[in-house]
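Counting convention: from 1, in listed order, for ligands and their atoms alike.
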Amino acid sequence: MSDILIIGGAGYIGAQMAKRLQGTAHKAVVLDNLSSGHRWAVGDAEFIEGDMGDAALLDKLFGTRQFDAVMHFASSILVEESVSDPGKYYDNNVARTVTLLNSMVRHGRMRFIFSSTAAVFGNPKTARINENHPMQPLNPYGQSKHMVEIMLRDYAAAGSLHYGVLRYFNAAGADPEGEMGECHDPETHLIPRVLQAASGRRKSITIFGEDYPTPDGTCVRDYIHIADLAEAHYLLLEYMISGGKEVEFNLGTGQGYSVREVIETARKVTGKEIPVENASRRTGDPATLVADGAKARRVLGWEPRYSDLETIIRHAWGWELSPRRA
Ligand code: UFG
């Protein structure tokens with residue numbers, strides 16, 4: 001058994017990752033400061049409450065235990081908040097990650113897998129975004145992730161660590177077995193908000209902008225199921241352990257859906273009417289964001305299993321209705 005440190009393993013995607021390691025040759029050890037994650041999401045995995053910016057805690061951890069890899073899911077993720085409070089993003093997403101990386105480096109050349117985002121690319125210049133697309137982030141959130149990617153290249157060039165970066169497009173859905181799902185406060189993401197409108201926890205869903213240059217005028221996104229994201233991490237881990245050299249992968253299906261298509265599919269899945277209101281555009285939203293995920297398929301053998309929109313919404317709806325979600 002080898003231990004894998006999952007930082008942010010009490011969060012939406014990190015907790016799914018810890019679950020993915022069950023029954024494998026790896027054991028999840030979760031480190032989370034519970035600033036936005038939930039203790040219940042960790043389940044039976046080993047749990048350490050703490051912050052990746054706490055150098056003393058990390059030095060003790062890396063000094064006394066051996067980890068086959070460190071996975072980093074612990075970023076702040078709200079684009080609008082990053083615009084109004086950039087300091088939070090440069091502190092949590094950049095400065096604390098530097099503390100983490102430096103502690104890792106003090107304890108040998110370790111493997112590191114970083115959760116990055118489509119937001120590093122900015123406005124798309126091609127219909128599908130591959131790994132060679134220029135990186136011009138539009139907000140401090142995207143900048144903070146981009147900065148970490150740049151740092152990782154430098155650490156690797158210095159021989160200090162071995163890293164991989166996975167850039168998620170729109171993470172969505174819930175655990176296929178219903179044990180965990182999205183639980184953000186505030187919830188800003190489209191699919192959980194649509195389902196809150198279906199269950200009655202929210203009065204209606206507001207569509208932010210219907211005048212985009214897309215087929216129905218609403219924004220198009222590439223939704224990717226969290227179980228498929230966890231699988232990509234698992235495959236990347238195995239690839240790195242077996243000496244793989246590629247380091248950057250975009251994770252999406254290559255298929256985009258508009259806000260209106262999401263709402264229509266949610267109506268079909270839930271059987272609920274889902275009242276809609278219209279509002280102006282949300283600042284900073286690109287019209288279309290769709291991944292070219294061919295490299296992850298080719299190099300890692302990644303094949304999304306759950307990422308058709310209906311399955312994503314079915315799982316998220318099960319979670320919306322689940323008594324566990326309290
Ligand atoms: N939207 C609505 N109404 C809502 C919520 C969202 O119309 O109540 C729209 C948004 O304007 C956007 C689409 O639905 O067009 C998707 O919005 P989300 O907030 O669900 O997701 P984003 O595409 O804005 O953000 C996601 C991740 C970010 C990441 C970004 C990449 O959540 O972390 O993709 O640009 F940065």
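- At a 3.5 angstrom cut-off on N or O pairs, Phe208 counts as close to ligand 1.
- Met71 is not connected to Tyr163 by any chain of hydrophobic side-chain contacts under 4.5 Å among Ile, Leu, Val, Met, Phe, Trp and Tyr, and they are in different clusters.
- Close approach to Tyr141 involves these atoms of ligand 1, each under 4.0 Å from a residue heavy atom: 29 (C), 33 (O), 36 (F).
- Linking Ile, Leu, Val, Met, Phe, Trp and Tyr residues whenever their side-chain heavy atoms come within less than 4.5 Å places Leu251 and Tyr234 in a single cluster.
- Remark: the Asn102 side chain and the Tyr155 side chain contain an N/O donor-acceptor pair separated by less than 3.5 Å.
- Within ligand 1, counting atoms from 1 as listed, the ones closer than 4.0 Å to a heavy atom of Ile77 are 33 (O).
- For atom 9 (C) of ligand 1, the closest heavy atom belonging to the protein is Val259 CG2, 3.8 Å.
- Looking at Ile205 against ligand 1, only its side chain comes within 4.0 Å, counting heavy atoms.
- In the vicinity of Ile207, heavy-atom distances shorter than 4.0 Å reach the ligand 1 atoms 7 (O).
- For the side-chain contact (heavy atoms from CB on, under 4.5 Å) with Phe62, the lone residue among Leu57, Val105, Leu5 that qualifies is Leu5.
- Using modelled atom types and a 3.5 Å distance limit, the side chains of Asp175 and Gln16 yield a donor-acceptor pair.
- Between His184 and Tyr12, the distance from one ring center to the other falls under 6.0 angstrom.
- Between Arg282 and ligand 1, at least one pair of N/O atoms sits closer than 3.5 Å.
- Annotation: Asn170 places an N or O atom under 3.5 Å from an N or O atom of ligand 1; distance criterion only.
- Atom numbering of ligand 1 starts at 1 in the shown order; those under 4.0 Å from a heavy atom of Asp285 are 10 (C), 11 (O), 12 (C), 15 (O), 24 (O).
- For atom 32 (O) of ligand 1, the nearest protein heavy atom (residue, atom name, distance) is His189 NE2, 2.6 Å.
- Of all the atoms in ligand 1, the ones that sit under 4.0 Å from a non-hydrogen atom of Thr188 are 5 (C), 19 (O).
- Here the options are Glu149, His72, His146, Lys145, the test is side chain to side chain donor-acceptor pair (under 3.5 Å), and the partner is Ser116; only Glu149 passes.
- The protein non-hydrogen atom at the shortest distance from atom 15 (O) of ligand 1 is Cys219 CB, 2.9 Å.
- Judged by the 6.0 Å distance and 45° axis criteria, Arg281 is positioned over the aromatic ring of Tyr212.
- Residue, atom and distance of the protein heavy atom nearest to atom 31 (C) of ligand 1 are Ala119 N, 3.6 Å.
- Residue contacts with ligand 1 for Leu289 involve side-chain atoms from C-beta outward but no N, CA, C or O (heavy atoms, distance under 4.0 Å).
- Those atoms of ligand 1 that come under 4.0 Å of a heavy atom in Thr206, given as number and element, are 2 (C), 3 (N), 4 (C), 7 (O), 8 (O).
- The closest protein non-hydrogen atom to atom 8 (O) of ligand 1 is Arg193 NE, 2.9 Å.
- Using a 3.5 Å distance cut-off with no hydrogens or angles, the side chains of Glu277 and Ser204 do pair a donor with an acceptor.
- Considering only non-hydrogen protein atoms, atom 30 (C) of ligand 1 sits nearest to Thr117 OG1, 4.3 Å.
- Protein heavy atom at the shortest distance from atom 23 (O) of ligand 1 is Arg221 NE, 2.7 Å.
- If you check the side chains of Tyr168 and Ser115, you find a donor sitting under 3.5 Å from an acceptor.
- Proximity annotation for atom 6 (C) of ligand 1: of Val220, Asp222, Leu190, Leu190 comes nearest, heavy atoms only.
- Glu81 pairs in a side-chain contact (heavy atoms from CB on, under 4.5 Å) with only one of the listed residues (Val83, Val79, Leu78, Ile77), which is Leu78.
- Salt bridge status for Arg202 with Glu320: absent, with no side-chain N to carboxylate O gap under 4.0 Å.
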